Asker: 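Before anything else, here's the structure in question.
Quick note: numbers below take in every heavy atom, side chains included, and nothing from hydrogens, waters or symmetry partners. Here the structure is a predicted model, which is why all the values come from computation and not from measurement.
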Amino acid sequence: MRVVIAEDEALIRRGLELVLEAGGHEVVAAVGDADEMLAAVAHHRPDLVVTDIRMPPTHTDEGLAAALRIRRDHPGTAVVVLSQHVQRRYAKDLLERGTDRVGYLLKQRIADVDTFLADLERVAGGGTALDPDVIAVMVGRARHSEGAVGSLTARQQEVLALVAEGRSNASIAATLFLTEKAVVQHVSRIYSALGLPPDADTHRRVHAVILFLNRD
């Protein structure tokens, strides 16, 4: 996997390089601002971009804006944005242009190297990776609404949160100490409750749930 890293803090940028290289991936560019990132993507056409959200010069959302531009101009390049804090708007902005090849993770997740690399690889492979804390905010908001998500049972909401992270049925079963058959039954009932049509492609069904949770 060929990767461009954009992070203005040199120590974190170098750390990301080492993590990715140790994981067998090629870092084709590691840059410190959004303009350099856009230039690197245009030049190298990487498989994946990993970028901080807050970048120079204003340290607000330059990285996010560049990530959205990459998703528009280079749809074959996967994008994972990193943030210090949960911002529901960031997730919504990223998902509005489609829900494949995209991730939004908190920087604290980098410490769990194996999981972090697995998330990046899943996104580069066409999937989605949303931070568990981001999902918690989305599901918590929906839980207190009067809509369909609020009507789900507590167990169904637990399953839904893990589904929205991009977890497989096997992973959900192991996390919740259920059989895979039980997970399949829960997922089927969740989709029925949400009014989502059947779909043979698991990732697309997961994306549908994420989009549903993001609706205002």
Side-chain angles (χ1 to χ4, degrees), residues 1-113 115-125 127-138 165-166 210 214:
M1 183 167 68
R2 300 171 68 254
V3 186
V4 166
I5 296 170
E7 165 61 57
D8 63 305
E9 293 189 29
L11 200 58
I12 297 176
R13 185 168 66 246
R14 182 55 180 156
L16 287 168
E17 285 187 79
L18 293 173
V19 165
L20 282 158
E21 289 169 351
H25 304 296
E26 179 186 1
V27 177
V28 296
V31 301
D33 64 50
D35 288 339
E36 289 181 308
M37 171 173 59
L38 292 171
V41 169
H43 177 71
H44 293 286
R45 299 299 176 100
D47 302 303
L48 173 71
V49 172
V50 180
T51 179
D52 189 10
I53 286 180
R54 297 183 177 183
M55 302 279 281
T58 68
H59 293 279
T60 53
D61 63 354
E62 284 90 346
L64 177 65
L68 295 175
R69 183 171 168 183
I70 291 167
R71 283 178 58 71
R72 182 195 69 199
D73 296 343
H74 304 279
T77 297
V79 175
V80 172
V81 300
L82 303 176
S83 178
Q84 293 280 14
H85 309 288
V86 175
Q87 288 287 344
R88 180 173 172 270
R89 179 180 68 83
Y90 296 158
K92 287 191 65 177
D93 288 348
L94 283 167
L95 295 171
E96 280 175 355
R97 294 202 63 88
T99 51
D100 59 328
R101 300 176 184 272
V102 65
Y104 173 27
L105 301 173
L106 296 185
K107 286 187 176 181
Q108 68 196 46
R109 304 297 170 188
I110 301 171
D112 184 349
V113 172
T115 299
F116 179 66
L117 286 174
D119 286 340
L120 298 187
E121 290 161 5
R122 184 166 71 248
V123 172
T128 303
L130 292 186
D131 196 279
D133 286 352
V134 176
I135 295 298
V137 169
M138 292 179 178
E165 286 178 30
I210 294 171
N214 270 311

Asker: Hey, does the side chain of R54 reach the backbone of D61 with a donor-acceptor pair shorter than 3.5 angstrom?
Answerer: no
Asker: Closer than 4.0 angstrom, basic N to acidic O: yes or no for D93 and R71?
Answerer: no
Asker: Looking only at heavy atoms, which two atoms of A124 and A78 are closest? And how far apart?
Answerer: CA-CB, 3.8 Å
Asker: Do the non-hydrogen side-chain atoms of H74 and V49 ever get within less than 4.5 Å of each other?
Answerer: no
Asker: For the atom pair NZ (K107) and CD1 (I12), what is the distance rounded to the nearest 0.5 Å?
Answerer: 4.0 Å
Asker: Got more than 12 heavy atoms from elsewhere within 6.0 Å of NE2, H59?
Answerer: yes
Asker: Tell me the closest heavy-atom pair linking E62 and T60, and the distance in Å.
Answerer: OE1-N, 3.1 Å
Asker: Please name the pair of heavy atoms, one in V28 and one in V4, separated by the smallest distance, quoted to 0.1 Å.
Answerer: CG2-CG2, 3.7 Å
Asker: Side chains of L68 and L94: closer than 4.5 Å at any heavy-atom pair?
Answerer: yes
Asker: A quick test of your reading: do over 12 heavy atoms of other residues, nucleotides or ligands sit less than 6.0 Å from CZ of R69?
Answerer: no
Asker: Taking the basic N atoms (NZ, or NE/NH1/NH2) and the acidic carboxylate oxygens, is any pair closer than 4.0 Å for R122 and D119?
Answerer: yes
Asker: Search all heavy atoms of M55 against all heavy atoms of A34 and return the closest pair with its distance.
Answerer: CE-N, 3.7 Å
Asker: Can you give me the closest heavy-atom contact between P46 and T77, atom names plus distance?
Answerer: O-OG1, 3.0 Å
Asker: Which heavy atom of A6 sits nearest to which heavy atom of M37, and what is that distance?
Answerer: CB-SD, 3.4 Å
Asker: Kindly list each side-chain donor-acceptor pair under 3.5 angstrom involving residues 13-26, sequence neighbours excluded, with atom names and distances?
Answerer:
residue	atom	partner	partner atom	Å
R13	NH1	E7	O	2.5
H25	NE2	E121	OE2	2.8

Asker: Please determine which of T115, L82, D131 meets the side-chain contact (heavy atoms from CB on, under 4.5 Å) test together with R109.
Answerer: D131
